[in-house]
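Only one structure is covered here, and it is reproduced in the block below.
Letters go in sequence order (proteins before strands), and every chain restarts at 1. Values below: all heavy atoms of this structure, side chains included; hydrogens, waters and symmetry mates excluded.
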There are 2 protein chains.
Amino acid sequence: MNQKRADTIAEQLEALILEGAFADGDRLDEVQLAERFDVSRTPLREALQRLAISGLVEHIPRRGVFVRQPGPVELMEMFEVMAELEAACARLAATRINDDALEEMREANAKCLTAVEARDADRYYIENERFHAILYRQSGNGFLEEECRRLHRRLTPFRRRQLHLRGRMPQSMAEHEAIVAALERGDAAAAADEVRRHVAVQGEKFHHLMAGLKAAG
Amino acid sequence: MNQKRADTIAEQLEALILEGAFADGDRLDEVQLAERFDVSRTPLREALQRLAISGLVEHIPRRGVFVRQPGPVELMEMFEVMAELEAACARLAATRINDDALEEMREANAKCLTAVEARDADRYYIENERFHAILYRQSGNGFLEEECRRLHRRLTPFRRRQLHLRGRMPQSMAEHEAIVAALERGDAAAAADEVRRHVAVQGEKFHHLMAGLKAAG
DNA sequence: GTCAATCATCTTGTATACAAGAAAGTTATT
DNA sequence: AATAACTTTCTTGTATACAAGATGATTGAC
């Protein structure tokens, strides 16, 4: 159950941060966390360093590590980059994708549709993930695929929330279909544009969501 | 002179790897390197972990860390991603750049031209770096800027080599000017295309270079 | 009473000691 | 002689001990 290796600690800490267990600017106390995970400071420090590099925390020498929850501006920036990266995937995939993969995407989309009809946001989320994973893969560029996964992973909690917005799931579905259509035609520019817009919309929706929460609170 | 902090060690090791001091698959011995840098294994291990995350070395649990020099395929993939990231910068910069920054780019280009005329590849390289740095900045997206810098840094040694190819510097210059022209017109699509091609060419040139070396050896 | 300086305490950073797993060498058996 | 099992040695991973810098408190001076 409680794996104690340095990399698993990093994963657990990352999950904690991503799910918002810490506020922005919170200092992560080495000894405290070491106790919590029942390890010494050595492996814990290694885990913290990992998080520092991936940008989830900031390491200030001789001061400690502090969680860095992205603010609205940085989030928009990250969504913008995600949009460009996925657009690149689409652009490349348009000329590289084969019929089997296209069929896979259609399948994923069909399952998305089922989820939409069942108003099952969790299910939709999972199938949506699958759709995007295929897109990354079909870029035919393993490095790009990895970069996409990295950022995708980081944006997970925020993407997830905007899905619950009224009418977002059907809209997202329609965008998916437009993407597949462009890929089928082998229209690289159109595929890139569709994907870019699809992801950018996620960022905007999330932004609206945050603004709404602020206004309500 | 010999700074001994963990992050500086990471930098020095990174430089060593990037400049090809180790062959692909070489194991990096902790105690050996610790002696070499005159530190204990603890800070050295932290440095190695950093390199592992940035992908320069692979860490296999209980086995050690091994340098991972990118092969031709991975290099092409990285250049392709670099091209897409920089194209994204250009696309965004086309609508966000201001006159001052445009002037800066023209300046950098002028200095590039001076270097070309002097056949000074090192000087050209530096001014070329500056040109691209401005482009990243003018995307108006700090996160994108950082991502670009990260990958740019990783590709440095390879980009540097292809510059010495016959006729490459004047060609690169011309591409720069086309980029600035597109940005001046505020033509996002054209700017993106020009930049994408400019960077993609670097990858291709490097590929040719490698193929040539292989044939010669 | 406030501000500054010194001192105590706490936290990070590094070294060393120890534990556990992997590789290699040796020996015994077939 | 070849192979398999065991043992030795080496390397990585973790814990603890120690050093050094940073923070905060207390005391003294103005």
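- Residues from residues 45-60 of chain A with heavy atoms under 4.0 angstrom of DNA chain C, sorted by number: A:R45, A:H59.
- Taking atom CD of residue A:E30 and atom C1' of nucleotide D:dT16, one finds them 14 Å apart after rounding to whole Å.
- Of the two residues near DNA chain C, A:G64 and A:T42, the one whose nearest nucleotide lies more 5' is A:G64.
- Atom CD in A:E35 sits roughly 11 Å away from atom P in C:dT11 (whole-Å rounding).
- Looking at which nucleotide of DNA chain D each of A:S40 and B:R27 is closest to, the 5′-most match is held by B:R27.
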For nucleotides 20-23 of chain C, print each protein N/O atom paired with a nucleotide N/O atom at under 3.5 Å, atom names and distance only.
| residue | atom | partner | partner atom | Å |
| --- | --- | --- | --- | --- |
| C:dA23 | OP1 | B:R63 | NE | 2.5 |
| C:dA23 | OP1 | B:R63 | NH1 | 3.2 |
| C:dA23 | OP1 | B:R63 | NH2 | 2.9 |

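- A:L28 has its CG atom 20 Å from the P atom of C:dC10, to the nearest Å.
- Taking A:F131 as the reference, A:H176 meet the ring-ring contact (aromatic ring centres under 6.0 Å, His included) condition, with sequence neighbours excluded.
- Between the B:R41 side chain and the B:L33 main chain, no donor and acceptor come within less than 3.5 Å of each other.
- The ring pair (Phe, Tyr, Trp, His ring centres under 6.0 Å) contacts involving residues 51-93 of chain B comprise nothing, where partners must be two or more places apart or lie in separate chains.
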What pairs of donor and acceptor atoms, side-chain ones from residues 67-74 of chain B against any protein atom, are under 3.5 angstrom apart with sequence neighbours left out?
| residue | atom | partner | partner atom | Å |
| --- | --- | --- | --- | --- |
| B:R68 | NH2 | B:E74 | OE1 | 3.4 |
| B:R68 | NH2 | B:E74 | OE2 | 3.0 |
| B:Q69 | NE2 | B:I17 | O | 3.1 |
| B:Q69 | NE2 | B:F22 | O | 3.2 |

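- Atom pair A:L44:CG and D:dG13:P shows a separation of 16 Å (rounding to whole Å applied).
- Between the side chain of A:R159 and the main chain of A:H152, a donor-acceptor pair closer than 3.5 Å is present.
- In this structure, A:N141 contributes its side chain and B:E77 its backbone to a donor-acceptor pair below 3.5 Å.
- Between the B:S54 side chain and the B:R50 main chain, a donor and an acceptor come within less than 3.5 Å of each other.
- Here the side chains of B:E80 and A:L144 are not in contact, with every heavy-atom distance at 4.5 Å or above.
- Between B:R41 atom CZ and C:dA19 atom P the separation is 15 Å, expressed in whole Å.
- Contact check on B:K111 versus B:D120 returns no salt bridge, with no Lys/Arg side-chain nitrogen under 4.0 Å from an Asp/Glu carboxylate oxygen.
- Note that the two end axes of the helix from C:dG1-D:dC30 to C:dT30-D:dA1 enclose an angle of 0°, each drawn from 5 base pairs, rounded to 10 degrees.
- Atom CD1 in A:I9 sits roughly 13 Å away from atom P in D:dG13 (whole-Å rounding).
- Closest heavy-atom contact between B:M169 and B:A121: SD-CA, 3.9 Å.
- Relative to the six-membered ring of B:Y136, B:R149 misses at least one condition, a distance below 6.0 Å or an angle of at most 45° to the axis.
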